[in-house]
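Reckoned from all heavy atoms, side chains included, excluding hydrogens, waters and symmetry mates. All values derive from a computational prediction rather than experimental measurement.
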Amino acid sequence: MSRVEALSMSGLSAIPAEYVRPPSERHGLGDAYDQAAKHVPGSPLIPVVDVAAFDPSDPASAPSLAVVDAVRAAATEWGVMHVAGHGIPPDLLDALRAAGTLFFGMPIEDKEAYANDPAAGQLEGYGSKLAANESGQREWEDYLFHLVHPDHAADHARWPAHPPEYVPVTRHFGELVSGLASRLLAILSLGLGVPAPTLEHRLRLVETAGDGDQNKEHEEELLDLLLKLKINYYPVCPQPDLAVGVEAHTDVSALSFILTNGVPGLQVKRAGHEGEGWVTARDEPGTLVVHVGDALEILSNGRYTSVLHRGLVNRVATRVSWVVFAEPPPDRVLLQPLPELLADGQEEPRFAPRTFRQHLEHKVLKKKQSEEDEAKKAPVAPKLLPAV
């Protein structure tokens, strides 16, 4: 299949029809640099939270409580935040950016050695987003995708051998993001009024009855959280008002961590404030953007909101983002609202119990049904290339 990078390098002045978004999706689209420059003083901004002062050994201290309050407010009101004080050294982040940039700087034919094959179930590797909707629309991005943590479960054959520093730098980054995920889940647990280990415990917990003997107590096992890395590569686009790098969606993960090369593009919808439209993320050097995902929304019974977001493209610069999705094991962990939040009739459960895989399949089917319903409403029209 043709790569988006090849299309961008071809010098085309109009994007192919399959990349053109329908009019209903174009509100707020445009060149990412132009959108970032449109910020009006006093209008909403994604909050910045500094978690350095949180002390897991003394979560009730004043500095720790201040961090809990700030993170809880951001996760509740936005579902996204810029996280400072995350503890990942700047030189490691620079090395990670350099390694990913060098990989995508290789000729396309060399990157094809790592090509994935989604049709055959091989999702890891180098790829381009296939059309995932009835209209055949595609997104303006190429990517590299693979499991990054735990290292013992990773398929290192899908990790690039060039540049040579890619493997050690990426492995180290995965280890540190794993620690940061645990730290944030502890903070977010306290924000719900439950003990610090609760959310991570529930994301990893498997309960068994033990040999089918009803007299035996349930046995518990904690599995690894899975961290999956996706490096998104958004080449220059001649018509950014008609295309998206990534279409509007929520992440299925518990948390998502985003590092960029400084080129703007991320847009989010503020939770509960649909009338405010899309908010374009600004560059906050030294921070990571952290999203609340669907799995955490389920566990929190909707108190924390899985943020709707999308990626813009632009006419002048390639955008690269490194996204780590922290996910529960797909089949053995049951996702459901924390029982502590439902005790004594405090709240009604908003989500039925499901595994991570069941949630993902339900979401795909729901999206497909929604697109089919929209297609029935829309008038039939020929697909035409947009005017230059």
Side-chain angles (χ1 to χ4, degrees), residues 3-12 15 19 21 26 28-39 45-46 48 80-84 86 88 90-106 108 111 126-129 138-145 163 166 169-170 173 229-249 251 256-269 278-291 307 309-325:
R3 301 301 181 190
V4 176
E5 180 184 3
L7 287 173
S8 178
M9 294 173 63
S10 70
L12 79 174
I15 61 177
Y19 292 94
R21 311 309 297 187
R26 295 182 201 167
L29 286 188
D31 188 285
Y33 279 105
D34 294 342
Q35 295 297 323
K38 285 181 180 179
H39 177 73
L45 288 172
I46 297 170
V48 178
V80 62
M81 64 200 84
H82 297 274
V83 174
H86 47 68
I88 302 179
D91 58 347
L92 176 62
L93 297 181
D94 289 342
L96 185 78
R97 289 187 184 99
T101 301
L102 284 170
F103 170 77
F104 277 99
M106 294 194 305
I108 292 176
K111 295 194 284 280
Y126 169 65
S128 302
K129 183 67 179 289
R138 295 180 60 188
E139 298 165 340
W140 193 262
E141 70 154 339
D142 298 326
Y143 63 85
L144 178 67
F145 176 69
Y166 182 93
V169 165
T170 303
F173 179 66
L229 172 67
K230 184 166 179 267
I231 307 178
N232 298 306
Y233 185 85
Y234 308 106
V236 170
C237 178
Q239 293 181 301
D241 54 328
L242 297 178
V244 292
V246 175
E247 65 185 9
H249 67 289
D251 290 344
S256 301
F257 302 82
I258 305 174
L259 175 72
T260 77
N261 64 343
V263 176
L266 173 65
Q267 281 192 327
V268 303
K269 279 275 196 177
W278 292 97
V279 177
T280 302
R282 65 203 183 281
D283 185 32
E284 288 286 349
T287 70
L288 296 177
V289 173
V290 177
H291 286 174
V307 65
H309 58 285
R310 67 184 181 184
L312 302 184
V313 289
N314 70 84
R315 294 181 177 87
V316 297
T318 294
R319 180 172 186 257
V320 187
S321 67
W322 289 255
V323 186
V324 175
F325 304 99

Ignoring hydrogens and angles, tell me if any N or O in the side chain of [X] forms a donor-acceptor pair with the backbone of [Y] under 3.5 Å.
X    : Y    : result
D142 : R3   : no
H86  : G286 : yes
S10  : L7   : yes
R319 : Y234 : no

Atom of [X], atom of [Y] and distance for their closest heavy-atom approach:
X    : Y    : value
Y19  : W140 : CD2-CE3, 3.7 Å
E141 : V246 : OE2-CG2, 3.8 Å
V80  : V289 : CG2-CG1, 3.7 Å
T318 : N261 : O-ND2, 3.1 Å
P240 : V313 : CB-O, 3.5 Å
Q239 : I15  : OE1-N, 3.0 Å

Evaluate the side-chain contact (heavy atoms from CB on, under 4.5 Å) criterion for residues T287 and M81: first the C-alpha distance (whole Å), next the side-chain angles of each, then the deciding distance (0.1 Å), finally the verdict.
CA-CA 9 Å; T287 70; M81 64 200 84; over 6 Å; no

Geometric cation-pi criterion, K269 with W278: 6.0 Å, 45°
yes

Nearest 0.5 angstrom please: [X] [atom1] to [Y] [atom2], how far?
X    : Y    : atom1 : atom2 : value
L229 : Y143 : CG    : OH    : 13.0 Å
I231 : R97  : CD1   : CZ    : 12.5 Å
I88  : L96  : CD1   : CG    : 9.0 Å
F257 : F173 : CZ    : CZ    : 9.0 Å
D34  : L29  : CG    : CG    : 12.5 Å

Mind checking whether [X] and [Y] have side chains closer than 4.5 Å, heavy atoms only?
X    : Y    : result
E284 : L45  : no
L312 : Q267 : yes
V268 : L266 : yes
W322 : L93  : no

Side chain to side chain contact (heavy atoms under 4.5 Å, CB included) partners of P264, counting only residues at least two apart:
A32, Y33, A36

Could you work out, with side chain to side chain contact (heavy atoms under 4.5 Å, CB included) as the rule, every residue matching P163, not counting sequence neighbours?
A99, L102, F103, E165, Y166

Name all residues meeting the salt bridge (Lys or Arg N to Asp or Glu O under 4.0 Å) criterion together with R315; count only those two or more places apart in sequence or in a different chain, and write none if there are none.
D31

Just do the side-chain contact (heavy atoms from CB on, under 4.5 Å) check on I108 and Y126 with the steps written out, would you?
CA-CA 10 Å; I108 292 176; Y126 169 65; 4.0 Å; yes

Identify the residue among R26, R21, R310 that makes a salt bridge (charged side-chain N to carboxylate O under 4.0 Å, His left out) with E247.
R21

For the residue pair H249 and H309, does the interplanar ring angle fall in the parallel (under 30°), tilted (30 to 60°) or perpendicular (over 60°) class?
tilted

